[in-house]
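The sequence lines fix the lettering, A, B, ..., with proteins before strands; numbering per chain opens at 1.
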2 protein chains.
Amino acid sequence: MEPVKSSSVSSDAHPEPKYSETATRILDAAEGLFVELGLEATSLRQITQQAGVNLAAVNYHFRSKDALFEAVFARRFAPWARECLCELDALEANVASGKAALDVEAVVMCYVRPALALSKDPSRGGAVFVRLFSRVLVENHRQLRETLSREWGHLVTRYSAALGRALPRLSSEEVAWRLHLGFSVMFHAFAGNDILKLFGRSAVSARDPDLIVKHMVPFVVAGMSAAANGKPAAG
Amino acid sequence: MEPVKSSSVSSDAHPEPKYSETATRILDAAEGLFVELGLEATSLRQITQQAGVNLAAVNYHFRSKDALFEAVFARRFAPWARECLCELDALEANVASGKAALDVEAVVMCYVRPALALSKDPSRGGAVFVRLFSRVLVENHRQLRETLSREWGHLVTRYSAALGRALPRLSSEEVAWRLHLGFSVMFHAFAGNDILKLFGRSAVSARDPDLIVKHMVPFVVAGMSAAANGKPAAG
DNA sequence: GTACGTTTAAAACGAGTGTTTGAGTTGTGG
DNA sequence: CCACAACTCAAACACTCGTTTTAAACGTAC
């Protein structure tokens, strides 16, 4: 009676849940509407109408609206997180074998490359998922806390360790701040959260992923590598 | 019959609308709930209950839920925008009279000082409003487009011109990108959007405004002042 | 006192929500 | 053929939403 899949983001090997065509259509429609209108403002009837399926199908394939939201998110998040980990593993392997230097830019690129690949691949959600991710961050959805915090926390720990090795003269507290600030830029830049635009047109075409990377990486690398407390803050 | 105030953010001089005590209590309650739950997820009944007023009062003092949201936002935004403009005016006056140098940090501080003052002043919404602002940015609320775009656009033009003078060797397109990226960090840092935390605990106590400024300003100044395309992006 | 504009109170309205039900339809294996 | 899943469908459920309506209380001027 109930085909409800287990909704862990990824437990061990590759428990990637396979969805039926109807379920996939629901996920696709929901993904687009959630990012455009928000979770609360999107009704199941809008989703099923856009997906061309019956209303009850969403409660059949998924358990509830909240569970659907979780599934929408988990479907995209897990592969992307795996890719980030692969980048970090590759970097550390290359550093260990002397084939690469562990500098700030190398760490930054371990995040930029998966985000760039994701942004350019519509079959994995493309930029839509990145925007959904940023909404989740700001809106603080409770239902994703447990699902996310474990995997995400692991990733953060890895990035933090790598950046700490790239910035050996900084205290661990300062490394944490650099990571916090640097990831803030990268994350919101990929999500297209253009504060300068704010409903108007911007001087910056902030939606082309390659352009974003081109201008963003030097900015982030310079910020992360800034001299420790070169100047007092409040002048 | 209808005490509905004009809801322009600020037309000319100081048309600061004065609200009755009931209306103020509604605004305060709505502000907190909107930022905590989001616009759609917050019901008028929650607002009026927390404010200790009757349900119909919100449709009497304001016209509708959307108009209330606009009023909540406008009440905080206008004074803050004025403060930003004052900072820019003061900087340019000091530069003109030779009392100050127009460097990147000076421009950054023209944004940081008002944001810091606002964050530390609960009587003007404090950090709550900054978080509301960031929700508005990400959620792309239609009802604020017209209200905001004019004033905000003016502010952006001023900051852009100032930064352009502080970075004379950069093209105007690159200046726009620096402004975009720098404001992204500052804005989300003040809003407390901690991507590293993401529901878990963070290594960074990202909610103390003074600490934020201390670590953020060197980061942003270094990023904005980075050498133009010092390194190719994708390796 | 009466009259009036202002503000609050409680109840009701119609529309839309997430969810459930139960019957109907398909496809596959014995 | 039948049985048994997997799945779809239309209708209904109980509920909450924003908004409106109606009546009542308040202060002030005549």
Student: Does A:T22 put a side-chain nitrogen or oxygen below 4.0 Å from OP1 or OP2 of D:dT8?
Tutor: yes
Student: Nearest whole Å is fine: how far is C:dT20 C1' from A:F62 CZ?
Tutor: 18 Å
Student: For the pair A:H180 and A:W177, name the ring-plane relationship: parallel under 30°, tilted 30 to 60°, perpendicular over 60°.
Tutor: perpendicular
Student: Parallel, tilted or perpendicular for A:F77 and A:W152, by the 30°/60° rule?
Tutor: tilted
Student: To the nearest angstrom, how far is A:L68 atom CG from C:dT17 atom P?
Tutor: 15 Å
Student: Is the distance between the ring centroids of A:Y159 and A:F183 under 6.0 Å?
Tutor: yes
Student: Nearest of D:dT20, D:dT8, D:dA10 to any side-chain atom of A:A56?
Tutor: D:dA10
Student: Quick one: are B:D28 and B:V72 in side-chain contact, heavy atoms under 4.5 Å?
Tutor: no
Student: Please report the distance, rounded to the nearest Å, between OH in A:Y19 and C1' in D:dA6.
Tutor: 18 Å
Student: Counting only side-chain N and O atoms of B:H61, is one of them less than 4.0 Å from OP1 or OP2 of C:dT8?
Tutor: yes
Student: CD of B:E21 versus P of C:dT6: gap in Å, rounded?
Tutor: 19 Å
Student: Please state how far atom CD in B:Q49 lies from atom P in C:dA10, giving the value in whole angstrom units.
Tutor: 13 Å
Student: Quick one: pull up SG in A:C110 and CD in A:E92 and give me the separation to the nearest 0.5 Å.
Tutor: 8.5 Å
Student: Using a cutoff of under 3.5 Å, can you pull out all pairs of nitrogen or oxygen atoms linking the protein to nucleotides 13-19 of chain D, with atom names and distances?
Tutor:
from: D:dC17; atom 1: OP1; to: B:S43; atom 2: OG; distance (Å): 3.2
from: D:dG18; atom 1: OP1; to: B:T42; atom 2: O; distance (Å): 3.4
from: D:dG18; atom 1: OP1; to: B:K65; atom 2: NZ; distance (Å): 2.6
from: D:dG18; atom 1: OP2; to: B:L44; atom 2: N; distance (Å): 2.9
from: D:dG18; atom 1: N7; to: B:R45; atom 2: NH1; distance (Å): 2.8
from: D:dG18; atom 1: O6; to: B:R45; atom 2: NH2; distance (Å): 2.7
from: D:dT19; atom 1: OP2; to: B:K65; atom 2: N; distance (Å): 2.8

Student: Applying side-chain hydrogen bond (donor to acceptor under 3.5 Å, both in side chains), run through A:D121 and A:S123 and close with a yes or a no.
Tutor: CA-CA 5 Å; A:D121 185 356; A:S123 76; 2.7 Å; yes
Student: Could you give the CG-to-P distance, from A:N54 to D:dA6, as a whole number of Å?
Tutor: 18 Å
